[in-house]
There are 2 protein chains.
Amino acid sequence: MEKEILIFGHKNPDTDSICSSIVKERLNEKNGYNNSKAVRLGNINQETQYVLDYIGIEAPELIEKVEEDQKVILVDHNEFSQSVTGIENAKIIEVVDHHRIANFETLDPLYYTARPYGCTATILFQDFKAKEFEIDKEEAILMASAIISDTLLLKSPTTTKHDKKALEELGKIAKINIEEYGLEMLKAGTNLDDFTAEELINIDAKSLDKNGNKFVIAQVNTVDISSVLKRQEVLEGAIQNAINENGLDLFVLAITDILNSNSELIVLGNKSNAVEKAFNKKLENNRVFLEGVVSRKKQLLPDIDKNM
Amino acid sequence: MEKEILIFGHKNPDTDSICSSIVKERLNEKNGYNNSKAVRLGNINQETQYVLDYIGIEAPELIEKVEEDQKVILVDHNEFSQSVTGIENAKIIEVVDHHRIANFETLDPLYYTARPYGCTATILFQDFKAKEFEIDKEEAILMASAIISDTLLLKSPTTTKHDKKALEELGKIAKINIEEYGLEMLKAGTNLDDFTAEELINIDAKSLDKNGNKFVIAQVNTVDISSVLKRQEVLEGAIQNAINENGLDLFVLAITDILNSNSELIVLGNKSNAVEKAFNKKLENNRVFLEGVVSRKKQLLPDIDKNM
C-alpha cells in the first residue's frame, strides 16, 4: 500500500487548522481517496479542545517532521515558515487556504484552492456543496467552530458573505444555537492563567519572513486585556528570549478583546518602528492600543509587513 | 468608475495564455463583473493568430507594464519573472493556472485556483460547468484551441482525463473535427522560416530563477527538427547574446517534433551541466536528443530545476 498522505494546518494549530484537517480527510474519503490522514503540528489549544470534547472525538496525531517526498496536503497555511519541519522536501499535492501566498514554492503543478474568505472551513463547506455531499452533524460542528473561531462570531473584518452563509447553514445542520455555542467556545480559549509566559506567547504565534527579516506576530484572545497586561514584565522577558534564540527582528504579541473587538500590542525587537509606522502611533512602555483591530491577517500583518 | 481589472497570461504568450485571458473576461461578465479586460504581454504567435483568424476576432490589447496597485488577474502563469513589468507592486486579486507555484507572493489573501491539468482553459471549462453557464461556439473554439496547443492534441504527458473530457465536449459544441482542426492549427505554428534567430529563441521562452541562478527554457514546435538545426550556428549566436545581456547561467532551446513527439535541445551557459545531470546524457556539439520528450513543464523543467 502506498504511504498515507498527511493533511495538516499550521504550527501552533488553531481551531480552523485542526477542524479543517479533520474535515478535509472526510472530504477526501467521500471523493473516494481513503489513503489520507489528518495530523497536527502542535498542542491542541483550550478552544479547540472544547470543540473536540463537545463532539467527543480524539485530536489528530501529533507529528514533528515529514520525510523527504512525503505527500502532504496543507490546510489553513502555505508559508513554509509556518509549516512542518521538512516541508521543503515534501511533495505538496494540494493546498486549501485563505491567507496571502508567500514563502511557498513547489517543483510540480498541484491543486491549490485559495479564497479570500474568513476561514478555510468555508472553502471546504463550498466543496461539500459543489459536489453535493451530505454534511453530517459532526462535520457541521467542526466547520462551524472553525468559522466562529476565525471570524470571532462573524465580528472580525475578515468575515465575508460566504462565511456568514456557511455558518448559518452549518448551525441548522448541527442543530446548535450559534451565538450561545460560539461564546462558550471562544471563552474556553481565553483562560490564560494556566500558561507560563513562554507558553502564552506561543499559543498562536505566526513566524514570518520579509527579505530575510524574521518576525513573529502572536495573538491571544481574552475577555479582559488588563488581566493579561498585569504580566507584562514576565511576558516581555519571554519575548526577549524568543528574539535572542531565533534571531528575530520583531516580536508582536496582540492581546485581543473578543467581546469589545480591540487589541493591545506588546512590541519588542530592533524593528519595532515597523509597527509604529504601520499604525502611525508611538509605542509607550512597549505597548500600543488599536481600537477595532482583531484580525492579524487583515489588520496587522499587511501593514507591518509593508514596513519591515 | 473604478479602473479596469487587467487579465493576462505570461510573456511570450502562447495560445493558452491568449485564449484563456479572453475566456476569463467572458466568464467574469457572466458572473456579473463587467470591469475586467483581457490584455496581452507580447506578440501573437502564428498558431494563436490562426485561432483568432478562424473565429474572426481581434487580439487583446498589448501592454508593456502595470502601474502600482493596478488590479490584475493572472492566467496560465504565476512566476513574477514570467509576468508583466511592475507585477511586484500590482494587486493580484486572482490566479488561474496549471503550473507549479514559485517566485510568487502577495500581501493579501486572494483567489487562487491551480489544478495540475494540461491546460488553463480546462480549469475555466470546469468553472463554466460548475456555474452551469452556457458555452457559445467562440468560447468553445478558444478553449479547445488552448487545450490542443498545450497538450499537442492530447499527446503530451501533461494531458489529464480532465483535458480529454473538456476537449471532447468543446469539439461537439464548436462543431469542429478536433483532429483536423488541431493539426492545421499546430502546423500554422511551426513555420519558423520568417523568424530571425533572435526572434525564434524568443517565440516561447520562459525565464526562471533558482536561488539567484537565472535560466531560460525556450521551446519551438516543428514538423522537421533537422530544418531548424541547419541554423544551429546563428541560433547559438543569438542564445549567447541573450546569456550575455541578461546575465543568464543557462539557456535551453527545445526544438520539439510535434508529429513524432521528440525534442532536440540546444544548450549553452555556465550551468549546461544541469541539463547533462538532469537527463544523464552528455551534450555533443551543445546538443542532446530526448526521445518522447515534448513537455517543458513536466519533462524538462523539474529535472533541470533540481540540478541548477
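Below, chain A is the first sequence line, B the second, and so on; all start at residue 1.
Taking a 6.0 Å sphere around NZ of K30(B), one finds it holds more than 12 heavy atoms contributed by other residues, nucleotides or ligands. In K65(A), the NZ atom is not crowded: 12 or fewer heavy atoms of neighbouring residues, nucleotides or ligands sit closer than 6.0 Å. Within 6.0 Å of atom CD in E88(B), more than 12 heavy atoms from other residues, nucleotides or ligands are found, so the atom counts as buried in its surroundings. Other residues, nucleotides and ligands contribute at most 12 non-hydrogen atoms within 6.0 Å of the CG atom of N280(A). Atom NZ of K155(B) has more than 12 heavy atoms from other residues, nucleotides or ligands within 6.0 Å.
A donor-acceptor contact shorter than 3.5 Å is absent between the side chain of T106(A) and the backbone of R100(B).
The structure places CD1 of I101(A) at 4.5 Å from CG of L110(B), a figure rounded to the nearest 0.5 Å.
Taking each heavy atom of N103(A) and E105(B) in turn, the nearest pair found is N-OE1, 4.2 Å.
Put simply, the side chain of D108(B) does not reach to within 4.5 Å of the side chain of K298(A), judged on heavy atoms.
When each of Y112(B), F104(B), Y111(B) is tested with Y112(A) by the rule ring-ring contact (aromatic ring centres under 6.0 Å, His included), just one qualifies, namely Y112(B).
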